[in-house]
Amino acid sequence: MKHARVIYEGREQKGTVTDDVITFSSGKTANIKDIDTWLPPFHPNKMIGLALNYADHADELGLEKPAEPVLFIKPNSSLVGHKGQVFYPDGATYMHYENELAVVIGKEGRNIKAENAMEFVSGYTIANDVTVRDFVNNWYRPPVRAKGHDTFGPMGPFYVDAADIPDVTNLELRTYVNGELRQQGNTKDLMYSIPEIIEFVSSFMTLEPNDVIWTGTPKGISHVHPGDVVRLEIDYLGALENTIVDGRSEKVPTGGKDNEARS
């Protein structure tokens with residue numbers, strides 16, 4: 001089942017989505033085209049990101065496969081929902097999307113073995129790990145500034161129950177910028193699988209309900225500019241779409257489509 005959290009008729013409401021209709025907990029329904037504001041589909045607890053978890057992405061950055069999963073914390077203050085705005089910040093010369101399968105933890109666990117790990121997964125959503133490449137230094141300096149800006153964590157539009165995903169190890173990821181396909185990959189190419197990630201993380205950190213693991217992005221990152229519309233798709237999870245807007249204190253043209261008109 002697909003779950004959503006939205007602002008509709010002036011207040012926050014939760015519901016389930018079938019085709020293009022959302023049914024709220026009150027029993028009322030609405031077409032998703034009529035939703036006022038999309039929120040992240042649930043309230044995450046802590047959010048843990050993986051860097052360099054697709055070999056082709058590591059290759060495009062000229063980096064080797066890490067000896068163990070490379071982790072960082074994605075701050076909850078970065079969250080924004082489907083159709084929300086992502087702000088291009090001061091100092092950025094290369095800002096890009098990262099289409100990621102986000103794994104939602106459903107129950108508490110510590111020292112979870114890989115063979116049991118999927119029992120702790122309640123569902124999945126799409127996450128965009130927006131990053132300013134200028135602010136990334138190396139593996140030993142976690143990229144908090146690069147990935148932690150407000151609005152750098154679009155998530156949604158739905159949270160989908162794990163039981164409704166037939167094979168999470170074979171999901172296509174596609175990213176479009178202004179309708180142009182820029183990125184394509186498949187979860188079968190994850191270097192560290194979801195069970196392996198859960199085992200590693202839970203070896204030193206208690207995983208709790210609504211924790212979210214961002215599993216990494218495949219090859220195909222590219223610079224986005226104010227005015228661009230970024231659309232992320234993952235099989236069975238829908239499409240997460242956001243617009244890049246200029247958040248710099250001094251508006252400097254970056255060459256993005258329609259940038260001068262939108263600044």
Side-chain angles (χ1 to χ4, degrees), residues 1-6 14-23 31-33 35 37-45 47-50 53-54 57 74 76 78-84 86 97-106 117-118 120-130 152-177 179 181-190 192-195 197-198 209-221 229-243:
M1 185 171 291
K2 292 180 178 178
H3 307 267
R5 190 167 66 95
V6 304
K14 298 178 181 178
T16 57
V17 178
T18 303
D19 297 325
D20 291 331
V21 176
I22 182 167
T23 302
N31 192 290
I32 60 174
K33 295 179 181 178
I35 297 302
T37 303
W38 292 82
L39 302 172
F42 61 97
H43 290 284
N45 191 32
M47 301 195 297
I48 304 150
L50 268 81
N53 201 28
Y54 285 80
H57 178 52
K74 190 80 172 181
N76 289 42
S78 70
L79 287 170
V80 64
H82 174 56
K83 298 288 188 180
V86 174
Y97 49 80
E98 292 192 5
N99 189 345
E100 307 202 5
L101 174 69
V103 178
V104 185
I105 300 299
M118 299 307 288
F120 290 79
V121 175
S122 60
Y124 305 93
T125 188
I126 303 172
N128 185 355
D129 182 22
V130 179
F152 272 27
M155 179 181 287
F158 313 118
Y159 159 80
V160 181
D161 294 330
D164 293 330
I165 306 300
D167 184 3
V168 74
T169 67
N170 187 23
L171 300 178
E172 286 285 323
L173 298 82
R174 296 168 296 274
T175 303
Y176 298 85
V177 179
L181 180 63
R182 296 272 186 94
Q183 181 183 40
Q184 189 164 12
N186 192 292
T187 56
K188 67 184 180 183
D189 297 320
L190 287 169
Y192 291 100
S193 69
I194 293 168
I197 298 166
I198 291 174
N210 282 0
D211 283 352
V212 186
I213 297 173
W214 298 40
T215 58
T217 198
K219 178 181 179 180
I221 60 171
V229 177
V230 181
R231 178 183 175 91
L232 280 59
E233 299 178 355
I234 300 180
D235 291 346
Y236 301 100
L237 301 182
L240 172 64
E241 187 174 290
N242 299 91
T243 301

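The model shown is predicted, which means the values in this text are computed figures rather than measured ones.
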| field | Contact summary for Gly156 and Pro41, nearest pair of heavy atoms | value | CA-CD, 3.8 Å
| task | Quick one: closest heavy-atom pair of Val17 and Ala4, and the distance? | result | CG2-CB, 4.0 Å
| So do the side chains of Leu101 and Val168 get within less than 4.5 Å of each other, counting heavy atoms only? | yes
| request: For the residue pair Leu79 and Pro44, establish whether any side-chain heavy-atom pair is separated by less than 4.5 Å. | output: yes
| said: Test your reading of the model: is there a side-chain donor-acceptor pair from Asn128 to the backbone of Glu241, 3.5 Å cut-off? | reply: no
| field | Within-4.5 Å side-chain heavy-atom neighbours: Val80 and Pro40 | value | no
| request: Measure the NE2-CG distance between His43 and Asn210 for me, rounded to the nearest 0.5 Å. | output: 9.5 Å
| query | Within the side chain of Asn53, is there an N or O that forms a donor-acceptor pair under 3.5 Å with the backbone of Tyr192? | reply | yes
| field | Candidates Asp161, Val104, Val103 - the one meeting side-chain contact (heavy atoms from CB on, under 4.5 Å) with Ser122 | value | Val104
| field | Results of ring pair (Phe, Tyr, Trp, His ring centres under 6.0 Å) for Trp38 - residues two or more places apart only | value | His82, Phe158
| task | Over all heavy atoms of both residues, which pair between Ile126 and Gly238 is shortest? Give the atoms and the distance, please. | result | CD1-O, 3.3 Å
| Is any side-chain heavy atom of Val86 closer than 4.5 Å to a side-chain heavy atom of Pro154? | yes
| request: May I ask you to test the Asn76-Met47 pair for a side-chain heavy-atom distance under 4.5 Å? | output: yes
| request: List for me each residue that meets side chain to side chain contact (heavy atoms under 4.5 Å, CB included) alongside Thr16, sequence neighbours excluded, and say none if there are none. | output: Met1, His3, Thr23
| query | Can you check whether Asn242 reaches Leu232 side chain to side chain, under 4.5 Å on heavy atoms? | reply | no
| note | Closest non-hydrogen contact found for Ala239 with Pro157 is O-CD, 3.1 Å
| message | Quick one, Ile105 and Asn45 - any side-chain contact, counting heavy atoms below 4.5 Å? | response | no
| task | Would you please name every residue forming a side chain to side chain contact (heavy atoms under 4.5 Å, CB included) with Asp19, sequence neighbours left out? | result | none
| query | What distance separates Ile48 CD1 from Ile197 CD1, expressed to the nearest 0.5 Å? | reply | 10.5 Å
| query | Does Leu171 offer a backbone N or O that forms a donor-acceptor pair with the side chain of Thr187 under 3.5 Å? | reply | yes
| message | Looking at Val21, is its backbone amide N or carbonyl O close enough to the side chain of Asn31 to form a donor-acceptor pair, meaning the two atoms are under 3.5 Å apart? | response | no
| Is there a side-chain contact (heavy atoms from CB on, under 4.5 Å) between Val177 and Arg182 once you walk through the steps? | CA-CA 7 Å; Val177 179; Arg182 296 272 186 94; 3.7 Å; yes
| Nearest heavy-atom pair of Thr215 and Tyr54: which atoms, and what distance? | O-CE1, 4.4 Å
| query | Where do Lys219 and Gln184 land on the side-chain contact (heavy atoms from CB on, under 4.5 Å) test, with the steps shown first? | reply | CA-CA 7 Å; Lys219 178 181 179 180; Gln184 189 164 12; over 6 Å; no
| request: Mind checking the OG1-CD spacing from Thr217 to Glu100? Nearest 0.5 Å is all I need. | output: 5.5 Å
| request: Apply side-chain contact (heavy atoms from CB on, under 4.5 Å) to the pair Leu50 and Ile213, showing each step before the final yes or no. | output: CA-CA 8 Å; Leu50 268 81; Ile213 297 173; 3.9 Å; yes
| task | Please examine the side chains of Ile221 and Glu98, heavy atoms only from C-beta on, and report whether any two atoms are closer than 4.5 Å. | result | yes
| request: Compare every heavy atom of Thr125 with every heavy atom of Met155, then report the nearest pair and how far apart it is. | output: CG-CG2, 3.6 Å
| Set of residues satisfying side chain to side chain contact (heavy atoms under 4.5 Å, CB included) with respect to Tyr176, sequence neighbours excluded | Arg174, Leu181, Arg231, Glu233
| said: Under a 4.0 Å threshold between the charged nitrogen and the carboxylate oxygen, would Asp20 count as salt-bridged to Lys33? | reply: no
| request: Starting from the C-alpha separation in whole Å, work towards a yes-or-no answer on side-chain contact (heavy atoms from CB on, under 4.5 Å) for Leu237 and Asp235. | output: CA-CA 6 Å; Leu237 301 182; Asp235 291 346; over 6 Å; no
| Partner set under side chain to side chain donor-acceptor pair (under 3.5 Å) for Thr175, not counting sequence neighbours | Asn99, Gln183
| Phe42: ring pair (Phe, Tyr, Trp, His ring centres under 6.0 Å) partners, not counting sequence neighbours | Tyr159
